[in-house]
Amino acid sequence: MSSPDPALLSINAATVRAQWSLPDIISGLTRHGIRGIAPWRDQVAAAGLDNTARRIRDAGLVVTGLCRGGMFPAPDREGRRAAHDDNRRAVDEAVTLGAQCLVLVAGGLPKDRAGRVVSRDLAGAREMVRDGLGQLHEYAHGAGMRLAIEPLHPMYAADRACVNTLAQANALCDELAPDGADGLGVAVDVYHVWWDPDLRAQIAYAGERNRLYAYHICDWLVPTRDLLNDRGMMGDGVIDLPLIRSWMDAAGYRGMHEVEIFSAENWWKRDGDDVLSTCRRRHADAS
Ligand code: ZN
């Protein structure tokens, strides 16, 4: 399999968040000739929305996604309303940044204000996701911003996302806005879906409906020492990245390859320039 086009490399700003502020990350990407970025809302807030938008424009970066909205389930109407209001702000921020999509993490079981899970009704949580997503899609569609549902590995079903497979994300799109041209689609993050025996078919299904909005890459380490913050650099783990990329290509995905690595004990401890040059090399050699 041939190497991917280096121009398709994008960096999720979480990958060097421990080392650098968002303005520093933008400068770093320019220094390394990297053309895409996906910032997080807290980083954008810290640097200022308009300031960030201007820096990104001046640097000529493509914003492959804004992370993130979602977190729809809540124990009461007031909580769901608050989530909706926050999600509308996220859509507005994504518009200001010129993002290709707002990435959505569904949310898990409803939690109280102290963050304690207060329900065992997983099916009910999934209904709240569908309802909240439908409502947000109406707003985002009006604002011209695409929403990308990112299924998360089932180990996060309780606390982060009860949308756990690409099939589930596809079913939500089928129900709410079947043609991806209408602004509802999916983000395929290999960390979350690499294990799924149905992955190839679901990528193809999403591609036929124009809903492949984003592709996130990293690797799955064996052993994984922390479920959230021990993602591997491409080539250091067990995911067949060239194979999954070939499925994305075959399904018609022409977007960027966004490196997203949360790594408290390894990559977050290294020099930011070393991390970016490693991302460049591994994107070429191991993705
Ligand atoms: Zn992701």
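When a ligand or atom number is given, it counts from 1 through the structure's own listing order. Nothing here was measured: the structure is a model prediction, and the numbers come from that model.
Within Glu260, OE1 is the N, O or S atom that lies nearest to the Zn ion (ligand 1). Sorting the N, O or S atoms of Asp189 by how far they are from the Zn ion (ligand 1) puts OD2 first. Glu150 contributes atom OE2 as its closest N/O/S atom to the Zn ion (ligand 1). Minimum-distance N/O/S atom of His216 relative to the Zn ion (ligand 1): ND1.
Between Arg225 and Glu265, none of the side-chain N atoms (NZ, or NE/NH1/NH2) sits under 4.0 Å from a carboxylate O, so this pair counts as no salt bridge.
Ring orientation note: the planes of His192 and Tyr156 are nearly perpendicular, at an angle over 60° on the 30°/60° scale.
A donor atom on one side chain and an acceptor atom on the other are not found under 3.5 Å apart for Arg209 and Asn170.
Judged by distance alone, the side chain of Asn87 and the main-chain N or O of Gly69 form no donor-acceptor pair under 3.5 Å. With hydrogens and angles disregarded, no donor-acceptor distance shorter than 3.5 Å links the side chain of Arg270 to the backbone of Val275.
Among the atoms of His192, no N, O or S atom is found under 2.8 Å from the Zn ion (ligand 1).
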